[in-house]
Every structure is written in C-alpha cells, then in structure tokens.
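Below you'll find the structure, written out as structure tokens, and then a few comments.
We count ligands from 1, going down the list as the structure has it; atoms in each ligand are counted the same way. All of these numbers come straight from a predicted model, not from anything done at the bench.
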Amino acid sequence: MSAPKNQAAWLKKAGTPLEVSDAPLPTAGPGEIVVKNAAIAINPLDCHMQDQGVFVQQWPAIFGCDVAGEVYEAGPDVQGFKKGDRVIGHAINLVTGRPQDGAFALYTVIPADKAAILPDAISFQDGVVVSFAVEAAVCALSVKEPGIAMPGVSTPALGLPYPSLDAMPSSGKTLVVYGGSSSVGSMTTQLATAAGIHVIAISGAHNFDFSKRCGAAQVFDHKDPPVIKKVIKAIGKSGGEFVGIFDAIATPETYANDLAILSKLGGGHLACVHPPPTEVPANVRAGMIFAVNDVATPVYKNYVTPALQAGKLRCLPPPTVVGKGLEHINEALKKSRAGVSATKLVVTL
Ligand SMILES: NC(=O)c1ccc[n+]([C@@H]2O[C@H](COP(=O)([O-])OP(=O)(O)OC[C@H]3O[C@@H](n4cnc5c(N)ncnc54)[C@H](OP(=O)(O)O)[C@@H]3O)[C@@H](O)[C@H]2O)c1
C-alpha cells in the first residue's frame, strides 16, 4: 500500500497567510506517535506565531498545539497507543521547532506522554479543545519548584494536588481564577475543583453559568467596578486557606486587580499566563506558566481518559467549528484575533 499524502498549512514568513501545500509524511520516533488529524484547535499563541513568528525556529514553519484524530503510527517503544486508536494530543513545535511537531497538518508527531485516548462517545471536534489547556492548567496548579519560563522569568509553583477521579473532600484551599471563561481558566477551574480546591472565578457576567459548570463555587463579573471588594469578601467567607490567584488573562488591568486582592490578603501566589508584573511586593510569589512541562505527564497518563469517560472532565469551552479543511485555518486565526468568549475555535479535517 502506498504511503498517504501529508499536507500542512505552512507559514513561510511572519505576518503572511498560511499556505496549504504538501509536507513530508512524518514518522514516529521513540516516545512518539503520529496522529492522522481529524480536528485541530486554535489557541491565541498561534496568532502571535503567525503575526510575529515568535517561537519559530525553522522556516517554513508548521505550528499549532492541539490535535484530535487516530494514531497512524506508534514509535518503537510506545506503550498504551496503537494504530487506529482515537486520541487527543498536545503538539510541541513551540519547543522543538520541527515542522512535523505542528498541529496544522494532516499528520502530526505527538509525544506519547502528551496524548490520551479519546473515549468513543466524544467527537474529535469536542475532544480537541482539551490537551493544551490541560497542560497549561496543570502548570498553573501543580508545579512544586519554580523553574524558568523564559530568560529572567520564573514559573509559578503553587504546588497544588493533581486532579483526582475520586470525589474529593475539600482541600481547605481557596484559589482565584481570573478569566474563568477562557480556555485555560476554565480548564484550571475544572482541574482545581477535581483536586478539592475551592475556586472563585472572575468572568464576564454572561459566562457565570459556564464558569459554574466548570466547577467554580462563586463567579464575579470582571466588568463590575467593585469586583476586587467582592472577591476579597468571598475569599474570606470561603473559610479556606487563600493560596493565590491564577491570572489567565494577564493584562495591566488584571494585574492591578490581582495585586490589590493579594495586598489586602497578606500576599500569596500569582501565577500568570504572561510575564508577571515587574514590581510585586515581597509577600507575592509571581511567575509565568510555560505550558510544555513534564509535570503534566501523570495527568495525561492517569486522569484525562478515565475522567473524560466518567464525565468528570468535560470538553469545555465547547468548540466553534470554523470550517473543514486546512485552508480554513487562516479564517480561524482571524476569528481568534478578534476574540472569543467561552468557546474554542476548531477546524475539522
Ligand atoms: N504561558 C503559557 O504557557 C500559555 C499557555 C496557554 C495560553 N496562554 C495565554 O493565555 C491567555 C488565555 O488563553 P486562552 O486560550 O485561555 O484564551 P481565550 O479562551 O481565547 O480567552 C477568551 C476569554 O477571555 C476572557 N476575558 C477577556 N478579558 C477578560 C478580563 N479582563 N477578565 C476576565 N476574563 C476576561 C473572556 O471572558 P468573557 O467573554 O467572559 O468576558 C473570554 O471568555 C492567552 O493570552 C494565551 O496566549 C499562555
């Protein structure tokens, strides 16, 4: 049987549209699987990669972080995955720079420890929203020792427990998730709640129900001027130990609010999706997550599939399918740049 043909949406130069054309069919090395993609998801990072070429190490480039599809080939030493398995996976071109590790193609190499079997009852377009957000959420919650996110910027180290498949008793800890309706914020809320952590979310008023579906005990409106006071009061009433804030938005406005809350409560952790504020008080331990981190391996390995199967982990925010075919990725990137609310943009293949 002749080998299938691969195609990819290539970035040839920063600031230009992706161009769909042939690509080499990747092969699976040790610890890797090749996925025949059925759906890919768009993340805000992809827009920065297209616009400025950030993280691009090799031109032309194939990027993109989230895939769902069927295993086409499993590497020699890979256990737990075989040809034909339905999977979701986190593509890490971001760190390797190799085009075959980018999601925006018909076939992508995924590290086996950043993949999970997708239960039959879940469609590829639903499942594809999960992987990168899971890794970002685990990085926000469960890193124990600070590392380096980028030169001069430490990673945060909240050291909170991993999510559990069991019904968790309260851990006695309270975490604020700023951006509770974002992809990363809502996944962090899901995983934190599954670790027994009391989550107070800050979201748009139209997304209160959504944030609660993800597990938030309380939600406050980011556009409401007294939001800081309300959040501080809610933290006090939660009765738990306040561990800090995960800021999944990370703008000057959210940082000002984070620091106002932390200063009132005697400090704590501030985990951010972008470099943290340059000046923070001594009692605030601030850092930026870098969502390619082995800390997520036990979660992919032991939690994602059974939790999806049991309905404990849900494919949220739900997908908005922009189109079918690699040529729709440019349109999806344009929509992502314009902003989304409690949804993840997806292209099916
Ligand atoms: N460092 C890393 O490793 C890493 C990894 C992944 C992502 N990121 C970054 O994390 C950020 C979030 O990514 P994402 O995919 O989760 O984004 P997203 O889903 O596209 O974010 C959209 C959401 O942001 C919310 N939002 C916007 N402004 C807000 C504010 N002032 N307060 C509260 N919520 C606000 C909106 O909420 P409403 O509609 O409810 O108003 C909307 O639901 C991006 O900047 C991304 O680049 C970093």
Side-chain angles (χ1 to χ4, degrees), residues 41-52 54-55 63-66 90-92 94-95 114 128-141 143 147-150 153-156 176-191 200-214 216 219-225 227-228 231 245-258 261 270-276 286-293 295-296 316-320 332-333 335-346:
I42 305 293
N43 290 280
L45 168 68
D46 302 327
C47 300
H48 303 308
M49 290 188 81
Q50 183 185 26
D51 293 346
Q52 290 119 32
V54 286
F55 293 116
F63 54 93
C65 306
D66 274 313
H90 178 190
I92 57 161
L94 172 68
V95 292
K114 297 193 185 299
V128 77
V129 308
V130 170
S131 299
F132 186 38
V134 158
E135 190 144 349
V138 178
C139 289
L141 295 169
V143 171
I148 303 292
M150 56 169 61
V153 180
S154 297
T155 49
V176 172
V177 174
Y178 209 135
S181 65
S182 67
S183 170
V184 173
S186 60
M187 188 57 77
T188 304
T189 303
Q190 286 204 66
L191 299 195
I200 295 172
I202 303 176
S203 311
H206 55 293
N207 283 321
F208 280 12
D209 286 347
F210 170 75
S211 290
K212 286 192 174 158
R213 272 178 75 206
C214 296
V219 194
F220 295 94
D221 180 5
H222 65 78
K223 293 204 175 113
D224 181 12
V227 65
I228 300 175
V231 169
I245 301 175
F246 173 49
D247 189 336
I249 305 302
T251 61
E253 174 216 336
T254 66
Y255 284 160
N257 290 346
D258 295 334
I261 294 166
L270 174 58
C272 310
V273 288
H274 292 296
M288 170 189 157
I289 64 163
F290 186 74
V292 182
N293 189 319
V295 72
L316 297 173
T320 298
L333 287 163
K335 284 193 157 77
S336 173
R337 223 171 264 112
V340 297
S341 178
T343 189
K344 193 131 183 164
L345 300 170
V346 165

Nearest heavy atom to atom 43 (O) of ligand 1: which of C65, P44, S181 does it belong to? S181
Side chain, backbone, both or neither: which applies to V273 and ligand 1 if a contact is any heavy-atom pair less than 4.0 Å apart? both
Location of contacts on A250 toward ligand 1, heavy atoms closer than 4.0 Å: neither
For ligand 1, which part of V184 has a heavy atom less than 4.0 Å away: the side chain, the backbone, both, or neither? both
Does a side chain donor of either Y178 or N257 reach within less than 3.5 Å of an acceptor in the other side chain? yes
Consider every N or O of F132 and every N or O of ligand 1, then say whether any pair is closer than 3.5 Å. no
Only heavy atoms of F290, strictly under 4.0 Å: list the atoms of ligand 1 that pass. 3 (O)
Suppose we measure from atom 24 (O) of ligand 1 to each protein heavy atom; which comes out shortest, and what is that distance? I249 CD1, 3.5 Å
Can K223 be said to touch ligand 1, with heavy atoms closer than 4.0 Å? no
Option nearest atom 39 (O) of ligand 1 (shortest heavy-atom distance, choices A342, A149, S341): S341
NE2 of H222 to OG of S203, rounded to nearest 0.5 Å, is 7.5 Å
Identify the protein heavy atom lying closest to atom 33 (C) of ligand 1, giving its residue, its atom name and the separation to 0.1 Å. H222 CD2, 3.2 Å
Closer than 4.0 angstrom: is that true for some heavy atom of H206 and an atom of ligand 1? yes
I'd like to check which ligand 1 atoms, numbered from 1 as shown, lie under 4.0 Å from a non-hydrogen atom of N207. 38 (P), 39 (O), 40 (O)
I want to know if ligand 1 touches G204 in the polar sense, i.e. an N/O pair below 3.5 angstrom. yes
